[in-house]
Each structure stands twice: as structure tokens, then as C-alpha cells.
Amino acid sequence: MVPCLDCPAPIRPTVLLAEDHTLVREGLRQLLAASLDVVDAVEDGRALVASAERLQPDAILLDITMPQLNGLDAARQLARLSPRSRLVFVTMHADPAYVHEAFRAGALGYVLKSSASGELIAAVAAVLQGQRYLSLALRSEHAELLAESLQPAPGKLSDALTGRQREVLQLVAEGRTAKEIAAVLAISRKTVEFHKASVMRQLHLHTTAELTRYALEHGIIGAG
């Protein structure tokens, strides 16, 4: 068969990748590049939101634990800033609470990092068709999660705090000063201190160390 030299190349779906570990990020980029157009690969949640708003990709792959802005809060912002993008969480977190929150935040897919590479490709293909995808390793144990994720879940972190409070909580837990947080969020130092105090009061925490421990326990920041 004679190739058509004048025929346009098929348009491949675009994907944006967010992963803070360089080796993992580059490995995922190479894996996805075989069938998708990887338009950007970033290493923190704030860069993800900015890139997604600018590029409006077909799919976004993101982790839950990311610097500056965790994946769950990033997903909530992406629902407004890049509503057509299909979200797939690629994470080590197998706890049903994280799975539940990910779908409530707007994800269509949830894949464990321990999964085979073929499963990630299958997950992306599914969400691009508007289908939900839950990692095979989680399906038998959490078969009802997809349905439950659409129901209200009182007492979750996302319900207890505002988006701005969660942002301040994460940045404080990462060890940033009030001045640094004010610069990142484009707010005053006084406002940062107000939000920090409000978070600690609502969560019944009394020290920055307790706040940091809370962030670690809830996957807002990584252990190292």
C-alpha cells in the first residue's frame, strides 16, 4: 500500500503529567508518549494548575501528595479552570479514604503506582471515553467506591476547611514562613496568620508540629 504523504497526521489526545519525583515523571512521560501527546510535565500542584489552565489538555495525570498544592485540592481547582480535562490519579495511596476523596474531587480514574504499565494506558483510554476507572488491585475490596464517591461524606478534610485554608495548611506543614506563604498565595502576611489560626482552631490543633503531623497523616504532604 502506497503511503499518503499529503494526508494529515492523526490528532493524538493531549495529556499533562504532574509528578514530583523526577525518575517517575520521566518514566511516565516515555510510557505515555507512545500513544499520547504529552504537552507538559510538572513537579508540583501549583505548576499543574497553571499549566492546565493554559493548555487545556484532554487528560491530566496527577499524584495525591505533591509539593505546594496537593493533588486533591489541585483537582478541585481544575474542575473550574480546565473543566474538559479528564483526571487520573496515579498514586501510592490505596486507602479507601483517598480513593473516595479523589473521585469526589472530580477524578475519573485512580491507578496505583504498583500497577502494571498497561493498566495506566487502559485507565487513560477509559477516561478519555468518559468512563470511570479504578485500579484492578482495589476493585474487589472497594467495589462500591465509585458509587459512594458521589455521595456526601461529612467530616472529611475537604468539608472542614475552605480551599484557602487547605492551601495555607499545606504550605505551613511544608515548613514555609508566613512571609513565603504570603508571596506564594499573593495575600498579606496578616491574612496568612489569620488562616493558620483558623485552621488550628477548627482542627483542635495547638502547635505547628501538630499541624504538620495532621498534614502527613492525611496525605497533604509527603513523608520525605
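Computed from a prediction, not measured in an experiment: that's the story for all the values here.
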Is the shortest distance from a Lys or Arg side-chain nitrogen in Arg84 or Asp58 to a carboxylate oxygen in the other one below 4.0 Å? yes
Run the side chain to side chain contact (heavy atoms under 4.5 Å, CB included) test on Thr212 and Val172 for me, step by step, so that the C-alpha distance in whole Å, both residues' side-chain angles and the decisive distance to 0.1 Å come before the verdict. CA-CA 8 Å; Thr212 301; Val172 169; 5.6 Å; no
Could you go through Glu26 and Arg29, starting from their C-alpha distance and side-chain angles, then the distance that decides it, and tell me whether this counts as salt bridge (Lys or Arg N to Asp or Glu O under 4.0 Å)? CA-CA 5 Å; Glu26 291 307 312; Arg29 183 203 285 267; 3.5 Å; yes
Enter the distance from Gln56:CD to Ser82:OG here, rounded to the nearest 0.5 Å. 4.0 Å
Does any donor atom in the side chain of Ser135 or Glu119 lie under 3.5 Å from an acceptor atom in the other side chain? yes
About how many Å separate CZ of Arg164 and CD1 of Ile187, when rounded to the nearest 0.5 Å? 5.0 Å
Going from NE2 on His100 to OH on Tyr110, what distance comes out if it is rounded to the nearest 0.5 angstrom? 12.5 Å
Check Arg46 with Glu167, please: is the shortest side-chain N to carboxylate O separation under 4.0 Å? yes
For Ala123 and Val111 the tightest heavy-atom approach is CB-CG2, 3.4 Å
Does Arg104 pair with Glu101 as a salt bridge, N-O distance under 4.0 Å? yes
When rounded to the nearest 0.5 angstrom, what distance separates OG1 in Thr65 from CG in Asp63? 6.0 Å
Of all the heavy-atom pairs spanning Gly45 and Met66, show the shortest one and how long it is. CA-CE, 3.8 Å
One thing to verify: whether Arg166 and Asp73 come together as a salt bridge, which I'm taking to mean a side-chain N less than 4.0 angstrom from a carboxylate O. yes
Is there a donor-acceptor pair closer than 3.5 Å between any side-chain N or O of Arg176 and the backbone N or O of Val168? no
Ignoring hydrogens, what is the shortest heavy-atom contact between Ala94 and Val99? Give both atom names and the distance. O-CG2, 4.4 Å
Nearest 0.5 Å please: distance from the CG atom of Leu136 over to the CG atom of Leu112. 9.5 Å
Check ion pair Arg189-Glu180 (N to O, under 4.0 angstrom): no
Distance check, rounded to the nearest 0.5 Å: Asp44 atom CG versus Gln68 atom CD? 4.5 Å
Could you report the tightest heavy-atom contact between Leu78 and Ala52, atom names first, then the distance? CD2-CB, 3.3 Å
Are any of the side-chain heavy atoms of His206 and Leu211 separated by less than 4.5 Å? no
Under 3.5 Å, is there a donor-acceptor pair between the Asp37 and Thr14 side chains? no
Any chance you could lay out the salt bridge (Lys or Arg N to Asp or Glu O under 4.0 Å) test for Glu53 and Arg80, step after step, and finish with the verdict? CA-CA 9 Å; Glu53 184 176 15; Arg80 174 174 54 87; over 6 Å; no
In sequence, state the C-alpha distance, the side-chain angles, and the governing distance for Leu161 and Gln202, and then conclude on side chain to side chain contact (heavy atoms under 4.5 Å, CB included). CA-CA 8 Å; Leu161 304 176; Gln202 288 177 238; 3.7 Å; yes
